[in-house]
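Remarks on the structure that follows.
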Amino acid sequence: MRQFIEKLPKAELHIHIEGSLEPELMFEIGARNGIELPYASVEALRQAYEFSDLQSFLDIYYQGARVLLHEQDFYDLTWAYLNRAKAQNILHTEIFFDPQTHTDRGVPMERVITGIHRALKDAERQLGISSRLILCFLRHLSADEAMETLEQALPFRDWITAVGLDSSEVGHPPEKFARVFDRARKEGFLTVAHAGEEGPPEYIWQALKLLGAKRIDHGVRCMEDPILVETLRSAQIPLTVCPLSNVKLRVFASMADHSLKRLLEAGLCVTVNSDDPAYFGGYLSENYLATQQALDLTYEQIGRLARNGFVASFLNQDQKQQLLKKLETYLSEAVPK
Ligand code: ADE
Ligand code: ZN
């Protein structure tokens with residue numbers, strides 16, 4: 001099963017590029033930029049990765065991102081992730097970035113976005129990985145600041161497919177950003193939102209109704225509302241579920257308690273993703289494997305999850321069909337009869 005999952009052609013739809021910053025690279029970039037980290041070593045930093053909830057993680061995650069200053073830093077960060085993606089046979093990836101984490105420190109939007117974009121283009125040519133970029137607003141900041149961020153991003157609109165919403169969920173409902181998302185949709189962006197990670201099902205309803213979200217990031221708390229589950233099922237609104245993240249941030253007490261299998265069996269369009277792999281102990285294959293083992297997922301269910309990843313992507317129909325064909329060829333050869 002391990003080999004089956006590692007070689008499985010996959011799509012990833014929920015990865016914060018700042019959350020792929022491994023301690024080694026954080027120290028390397030910090031050293032060249034003269035930014036001191038409050039940890040003596042890579043090992044000491046890794047040991048600090050014990051989280052009690054989303055906020056306890058975000059505090060460390062924003063601190064880590066402080067080393068990123070130059071266009072090359074954003075390139076190196078993205079390139080390192082893409083090489084890991086290649087090694088795990090990720091054929092397509094949709095990457096979140098948090099511009100406000102950087103612009104609030106005086107790093108211009110252009111530097112952030114150009115570094116990331118350049119790595120994505122190189123990966124397309126050199127690694128054969130296609131990608132989309134999703135700009136996330138930090139929901140703990142104001143709606144006015146989100147609007148300003150959207151305006152700063154407009155010159156780069158051709159490089160950005162969608163906007164999203166992340167950071168501290170509880171107390172920052174999607175409705176706070178309804179106007180910003182209206183404007184984003186008028187400007188031609190698709191929309192997604194983190195909802196129902198720690199927040200209640202009501203936030204998922206708001207993401208759908210007020211933000212026009214095409215996918216819900218996490219969404220695992222939808223199970224508390226049967227009408228919501230039926231709405232997500234009948235419209236096949238994808239959930240980008242991040243199993244290792246949910247256990248690390250204590251959304252579920254253990255992987256055996258995770259709702260992924262129940263969501264799948266309820267007919268929802270569930271996908272598997274890594275969220276912040278450098279912090280949560282695994283990239284995409286590790287997320288598939290940990291859930292498969294804890295929940296005893298069948299080959300058929302793993303195949304379905306992988307299929308959903310391509311179906312739920314923002315690729316056009318032709319591109320989806322091409323990648324789905326690769327997946328089906330693999331499944332027809334690799335699934336034990
Ligand atoms: N930013 C990075 N990872 C996140 C998560 N899992 N939830 C909300 N915001 C995030
Ligand atoms: Zn996330």
Side-chain angles (χ1 to χ4, degrees), residues 11-22 26 49-66 68 74 77-78 81 93-104 112 116 132-141 145-146 149 162-174 176-177 191-200 203-204 206-207 211 213-222 238-252 258-260 270-284 286-287 309 312:
E12 172 142 76
L13 306 178
H14 184 158
I15 157 94
H16 301 262
I17 200 63
E18 295 91 346
S20 73
L21 179 55
E22 290 287 342
M26 193 189 295
Y49 292 178
E50 279 297 326
F51 311 114
S52 51
D53 57 12
L54 175 58
Q55 192 59 50
S56 67
F57 155 70
L58 290 170
D59 293 342
I60 286 199
Y61 161 83
Y62 293 131
Q63 180 186 71
R66 286 173 41 248
L68 303 166
F74 292 95
L77 168 71
T78 309
Y81 162 69
T93 183
E94 306 199 346
I95 292 179
F96 294 130
F97 74 118
D98 289 342
Q100 288 160 293
T101 300
H102 315 298
T103 52
D104 279 8
V112 179
I116 298 172
R132 295 289 182 270
L133 192 53
I134 304 174
L135 181 157
C136 279
F137 303 112
L138 297 182
R139 68 201 305 160
H140 68 274
L141 300 177
E145 288 165 294
T149 302
V163 300
L165 191 61
D166 66 3
S167 191
S168 324
E169 186 182 5
V170 175
H172 302 285
K176 176 175 160 185
F177 297 93
T191 60
V192 298
H194 282 54
E197 179 185 17
E198 284 189 345
Y203 286 17
I204 302 176
Q206 287 185 15
L211 307 186
K214 297 277 187 252
R215 298 195 295 244
I216 299 294
D217 297 313
H218 294 293
V220 289
R221 285 194 60 191
C222 71
L239 303 185
T240 63
V241 175
C242 308
L244 286 173
S245 165
N246 292 154
V247 174
K248 272 289 205 178
L249 303 186
R250 309 207 191 162
V251 173
F252 296 99
H258 200 288
S259 61
L260 181 135
V270 181
T271 66
V272 176
N273 307 273
S274 72
D275 208 5
D276 301 282
Y279 294 88
F280 299 150
Y283 285 76
L284 189 53
E286 290 78 18
N287 272 276

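Please read all numbers here as calculations on a predicted model, not as lab measurements. First listed ligand is number 1; within each ligand, the first listed atom is number 1.
Only side-chain heavy atoms of H218 come within less than 4.0 Å of ligand 1; its backbone N, CA, C and O stay farther off.
Remark: the Q55 side chain and the S168 side chain contain an N/O donor-acceptor pair separated by less than 3.5 Å. Side-chain atoms of D276 and Y49 include no donor-acceptor pair closer than 3.5 Å.
Using bins of under 30°, 30° to 60° and over 60° for the plane-to-plane angle, the ring pair H16/H14 lands in the perpendicular bin. Classified by interplanar angle (parallel below 30°, tilted 30° to 60°, perpendicular above 60°), the ring pair F137/F177 is parallel. Between H140 and Y62, the two ring planes are tilted [angle within 30° to 60°].
Protein heavy atom closest to atom 7 (N) of ligand 1, with residue, atom name and distance, is E197 OE1, 2.8 Å. Taking atom 6 (N) of ligand 1 as the reference point, the nearest protein heavy-atom neighbour is D275 OD2, 2.7 Å.
Not a single N or O atom of S245, backbone or side chain, sits closer than 3.5 Å to an N or O atom of ligand 1.
Not a single heavy atom of D217 sits closer than 4.0 Å to an atom of ligand 1. In this structure, F57 is part of the shell of residues with a heavy atom less than 4.0 angstrom from ligand 1.
Restricting D275 to its N, O or S atoms, the one at the least distance from the Zn ion (ligand 2) is OD1.
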